[in-house]
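Just the heavy atoms: all of them, side chains too, but no hydrogens, waters or symmetry mates, feed the values below. Predicted, not measured: the structure shown is a model, and the values here were computed from it.
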Amino acid sequence: MPFSILPADLVHAAAASEPDLGGVAGWAVSLMETLGVFGAGLAIALENLFPPLPSEVILPLAGFTASRGSFNLFAAIVATTIGSLVGAIALYYVGVLVGRERTRKIIGWLPLVKLKDVDRTEAWFHKHGSMAVFFGRMIPIFRSLISLPAGVDRMPLPKFVVLTTAGSLIWNSIFVGAGYALGESWHLVEEYAGVLQKIVIAAVAVAVLAFVVLRVSKAVFGGAPPAHARGLAPDAPDDDAPVPEPGAVRRTKTPTTTLALPKGAFERARAGAGRRTDG
């Protein structure tokens, strides 16, 4: 079954593949040992709520366990994406219900989270708007904190859900897929997380830019292009049209206008002309 509980021996195999496994990774292993793929989703939801938890460890570990056959890759990606969305919505409503100032106070109590990170995230959101929510899902720390200004500013929830889901799906698919492909070397993903992050963001940015350019081009150059631009031949001449003889002068018909005169006007004009002659 795709969502079966993860057997203990498979999770311990993941632990054995990393010599110094402990801390967050050890906690994630324990969670997936107990809950299987649901544990992966729960771990990512908690990672959204507590930014110091690194998804760069949890996601590849979920991919590795999927490669061992306990659950499939699709289930791992779906579970972690749902977890990302649940955690993001929770923080969104913190921003909605608590407000900016109280949220800052709460953040100030959390360990390993700095208020300057909150300020940077807030400034980035106000500068880039909805795109900050989308790309923020691919940047550490911003991934969690970007939900707060979105809630404070009352971004429409459907829009927030769509952007969060899209960004999380891309990010989670890359890291879960990398862990799945690397197998017992899944921990190498963490070492190259920074490079991979830049590649993913650059690729997505290019795709978004290409989409925008295409839309703008259609708006500016709307309508059907001329026949030669579409690779079409011009209309063929009418076969029934007369062919002029060589050297013949082509005459064009000049349009004429007919003037309608009142009845008897011509006779009255002749009579008047006759009286002037007699005089």
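- Looking at Arg120 and Asp117, their side chains come closer than 4.5 Å, going by heavy atoms from C-beta outward.
- The nearest pair of heavy atoms linking Gly39 to Leu35 is N-CB, 3.4 Å.
- For the pair Gly151 and Val96, the tightest heavy-atom approach, listed with the atom from each and the gap, is O-CG2, 3.2 Å.
- Note on Met131 and Val216: same hydrophobic cluster, where clusters join Ile, Leu, Val, Met, Phe, Trp and Tyr whose side-chain heavy atoms are under 4.5 Å apart, directly or indirectly.
- Summarising the geometry of Val57 relative to Pro60, their closest heavy-atom pair is O-CD, 3.4 Å, with the distance given to 0.1 Å.
- Here the OG1 atom belonging to Thr65 is positioned 11.0 Å from the OH atom belonging to Tyr180, to the nearest 0.5 angstrom.
- Considering only heavy atoms from C-beta on, Phe134 stays 4.5 Å or farther from Thr164 through its side chain.
- With values rounded to the nearest 0.5 angstrom, Ile77 atom CD1 is found 9.0 Å from Ile174 atom CD1.
- Leu91 places a side-chain heavy atom less than 4.5 Å from the side chain of Ser144.
- Distance check, rounded to the nearest 0.5 Å: CD1 of Ile44 to CG of Leu85 gives 13.0 Å.
- Between the side chain of Ser168 and the main chain of Thr165, no donor-acceptor pair closer than 3.5 Å is present.
- Between the Asn172 side chain and the Thr80 main chain, a donor and an acceptor come within less than 3.5 Å of each other.
- Clustering ILVMFWY residues whenever any of their side-chain heavy atoms sit less than 4.5 angstrom apart, transitively, puts Leu97 in the very cluster that holds Ile146.
- Here the side chains of Glu122 and Leu148 are not in contact, with every heavy-atom distance at 4.5 Å or above.
- Inter-residue side-chain proximity for Ile139 and Trp124 is flagged as met; some heavy-atom pair is nearer than 4.5 Å.
- Within the 4.5 Å cutoff, side-chain heavy atoms of Met155 are placed close to those of Phe125.
- At least one donor-acceptor pair closer than 3.5 Å links the side chain of Asn72 to the backbone N or O of Phe74.
- A single hydrophobic cluster is seen to contain both Leu157 and Val94, as judged by linkage of ILVMFWY side chains at heavy-atom distances under 4.5 Å, directly or through other members.
- A heavy-atom distance below 4.5 Å is found between the side chains of Trp171 and Leu59.
- Contact between Gly99 and Val152 at its shortest, heavy atoms only, is C-CG2, 4.1 Å.
- Arg104 has its side chain within reach of Asp119: a pair of non-hydrogen atoms, C-beta onward, lies under 4.5 Å apart.
- Taking the centre of each ring, Tyr92 and Phe160 come in below the 6.0 Å mark.
- By the criterion of side-chain heavy atoms lying less than 4.5 angstrom apart, applied directly or through intervening Ile, Leu, Val, Met, Phe, Trp or Tyr residues, Val78 is not grouped with Val162; the two fall into different hydrophobic clusters.
- Asn48 and Arg143 make their closest contact through OD1-O, 4.0 Å (heavy atoms, listed as atom of the first residue, atom of the second, distance).
- The heavy-atom pair separating Gly95 from Thr103 by the smallest distance is CA-OG1, 4.3 Å.
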